[in-house]
Amino acid sequence: MITDYAVFAWLCDVYIAPSARGNGFGLELARTVVETLQGMNVGRILLSTSVARDLYSRVGFESFQSPDGIMQLLRNRASVQVG
């Protein structure tokens, strides 16, 4: 979890070993993260997943509705020229 402890948090790099999946570890981890951040009054929690959408929706996450303004720079693909 990356957070400024006030406004924003990013849940990243969550991995449950295949042999441990289906035992509720991911759901418990997601619940713990949400509860911890609620105690800090963090206003927005974001994550990106292509495989665990149902799990995260069970703890309140929803699809991002307004991607306007979101930007990215992929360092391994970007060509930066200075001067």
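One is the number of the first residue; the rest follow in order along the sequence.
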Is there a path from [X] to [Y] through hydrophobic residues (I, L, V, M, F, W, Y) whose side chains come within less than 4.5 Å of each other?
| X | Y | result |
| --- | --- | --- |
| W10 | L37 | no |
| L47 | M1 | yes |
| F61 | M40 | yes |
| I70 | L46 | yes |

Q | Single hit among V14, I45, V33 for side chain to side chain contact (heavy atoms under 4.5 Å, CB included) with Y56 | A | V14
Separation of [Y] [atom2] from [X] [atom1] (nearest 0.5 Å):
| X | Y | atom1 | atom2 | answer |
| --- | --- | --- | --- | --- |
| S48 | F64 | OG | CZ | 11.5 Å |
| F8 | I2 | CZ | CD1 | 8.0 Å |
| E28 | I16 | CD | CD1 | 11.0 Å |
| Y5 | T3 | OH | OG1 | 6.5 Å |

**Q.** Closest non-hydrogen atom pair, V59 against A30
**A.** CG2-CB, 3.9 Å
Q: Evaluate side-chain contact (heavy atoms from CB on, under 4.5 Å) for L27 paired with R58, printing each intermediate quantity in order.
A: CA-CA 8 Å; L27 185 58; R58 291 172 61 190; 3.1 Å; yes
Q: Without swapping roles, check the side chain of D4 against the backbone of A6 for a donor-acceptor pair under 3.5 Å.
A: yes
Q.
Ring of Y15, cation from R21 - is the NZ or CZ under 6.0 Å from the centre and inside 45° of the axis?
A. yes
